[in-house]
Amino acid sequence: SLNREPAELLKNFDVAIQEIGQAATFYQGLQIFNDILRFISRIKSPLDLLANAELILKLFGYISSVGLFGQICTLIVNEENLHTRWEALKTLSYILACLKVKNETFDGSQYLQTDEIKFYLTSEEFLFVLLNLTYSQCLEVQEQSRVCVGYIIQLSEIGRNYFISMNIVTNYHGSLVEGSSDIQLEMISFVLASVATSLPLNVNYMDTNLLVKFFFMEFGVNGIN
């Protein structure tokens, strides 16, 4: 099996992509692609992601050439099989993480303006399905969909405003108070922090007090002076 470290992937990129093309099914191809993208989940800081901008550029060349973004979003909406849906959500979370990268090699904001990505990040049908999946009984699906929602809130003002209109802050804050597993709390915190940090400073938002409460709970009163 091909070494999945970023430097090796960059050097053997065509071989790695060829593996996807040789997959027997789309699901298996998605698994191989996520195996390639797994380096993103091991990254500790945005600077590490920037360091791999050349590889990310190549990956987005492939994503664009095969229309992968639209395919995985369609799969997330229509697929009933939890394993397949989870795999598609993982792909989406990896792609969304990369869209935050911006340097002289790769500018994620340019891809955000492409018709395909823009369509799904502003589609109420897609965002509605994604939001519902954050309440899934399958914890893996729940976790990955929350990661996706958090990134969309950071990347798309329309997406953020849609989620806010669907009372995501109130509902998630309730889940935070009720108590959940560590990973569930981490994902809820990621979404709420994404909302809080993406809102304009002068916004008049009825759930602002809940976001303030969240930060007090998350970081402690002593951390806010």
Next item on the list: Treating Ile, Leu, Val, Met, Phe, Trp and Tyr as nodes and any side-chain heavy-atom pair under 4.5 angstrom as an edge, say whether Ile158 and Leu99 lie in one connected cluster.
Entry: no
Next item on the list: Go through the side-chain N and O atoms of Ser136 and Gln142 and say whether any donor and acceptor fall under 3.5 Å apart.
Entry: no
Next item on the list: Can you run down the ring pair (Phe, Tyr, Trp, His ring centres under 6.0 Å) pairs that involve residues 137-160, sequence neighbours left out, and say none if there aren't any?
Entry: Tyr151-Phe190
Check: So, the side chain of Asn81 versus the backbone of Thr84: is there a donor-acceptor pair under 3.5 Å, distance only?
Finding: yes
Check: Does atom CG of Asn78 have more than 12 heavy-atom neighbours from other groups under 6.0 Å away?
Finding: yes
Checklist line | Backbone N/O of Ile152 and side chain of Arg160: donor-acceptor pair under 3.5 Å | finding: no
Check: Under the side chain to side chain donor-acceptor pair (under 3.5 Å) criterion, do Ser93 and Gln144 qualify, and how do the steps go?
Finding: CA-CA 7 Å; Ser93 68; Gln144 283 301 318; 3.0 Å; yes
Checklist line | Of all pairs that satisfy ring pair (Phe, Tyr, Trp, His ring centres under 6.0 Å), the ones with a partner from residues 83-105, not counting sequence neighbours | finding: none
Next item on the list: Would you check if the side chain of Asn34 reaches a backbone N or O of Glu87 as a donor-acceptor pair within less than 3.5 Å?
Entry: yes
Check: So, Ser156 side chain and Ile153 main chain: donor-acceptor pair closer than 3.5 Å or not?
Finding: no
Margin query: Is there a continuous path of hydrophobic side-chain contacts, each under 4.5 Å between heavy atoms, that joins Ile63 to Val66?
Written below: yes
Check: Got a sec, which residues hit salt bridge (charged side-chain N to carboxylate O under 4.0 Å, His left out) with Lys11, two or more places apart in sequence or on another chain?
Finding: Glu8
Margin query: Can you confirm whether Cys98 sits close enough to Leu59 that some side-chain heavy atom of one is under 4.5 Å from a side-chain heavy atom of the other?
Written below: no
Next item on the list: Determine whether Tyr162 and Phe119 fall in the same hydrophobic cluster, where Ile, Leu, Val, Met, Phe, Trp and Tyr are linked whenever their side-chain heavy atoms lie under 4.5 Å apart.
Entry: yes
Item checked: Side-chain (Glu5) to main-chain (Ala7) donor-acceptor, under 3.5 angstrom -> no
List the atom pairs, donor and acceptor, that lie under 3.5 Å between side-chain atoms in residues 20-33 and the rest of the protein, sequence neighbours left out.
| from | atom 1 | to | atom 2 | distance (Å) |
| --- | --- | --- | --- | --- |
| Thr25 | OG1 | Gln28 | N | 3.1 |
| Tyr27 | OH | Gln31 | NE2 | 3.3 |
| Gln28 | OE1 | Ala24 | N | 3.3 |

Notebook entry, point to check: Residues in ring pair (Phe, Tyr, Trp, His ring centres under 6.0 Å) with Tyr120, at least two apart?
Noted result: Phe126
Check: Cluster question for you: counting only ILVMFWY and a side-chain heavy-atom cut-off of under 4.5 Å, with indirect links fine, are Leu82 and Val77 together?
Finding: yes
Check: If only atom types and distance count, is the side chain of Asn52 paired as donor or acceptor with the main-chain N or O of Asp48 below 3.5 Å?
Finding: yes
Notebook entry, point to check: Sub-3.5 Å donor-acceptor pair from the side chain of Arg146 to the main-chain atoms of Met187, do we have one?
Noted result: no
Next item on the list: Measure from the side-chain N and O atoms of Ser145 to the backbone N and O of Leu133, and report whether any donor-acceptor pair falls under 3.5 Å.
Entry: yes
Check: In Å, rounded to the nearest 0.5 Å, how long is the span from OG of Ser109 to NZ of Lys100?
Finding: 11.5 Å
Item checked: Non-hydrogen side-chain atoms of Leu112 and Lys118 separated by less than 4.5 Å -> no
Next item on the list: Answer whether the closest heavy-atom distance between the side chains of Ile72 and Ile95 falls below 4.5 Å.
Entry: yes
Checklist line | Pairwise ring pair (Phe, Tyr, Trp, His ring centres under 6.0 Å) hits with a residue in residues 38-61, at least two apart | finding: Phe60-Phe106, Phe60-Tyr111
Note to self: Quick check on the hydrophobic clustering: are Val195 and Phe128 connected, directly or via other members, by side-chain heavy-atom contacts under 4.5 Å?
What the structure shows: yes
Margin query: If only side-chain N and O atoms count, and only distance matters, is there a donor-acceptor pair under 3.5 Å linking Thr105 with Glu54?
Written below: no
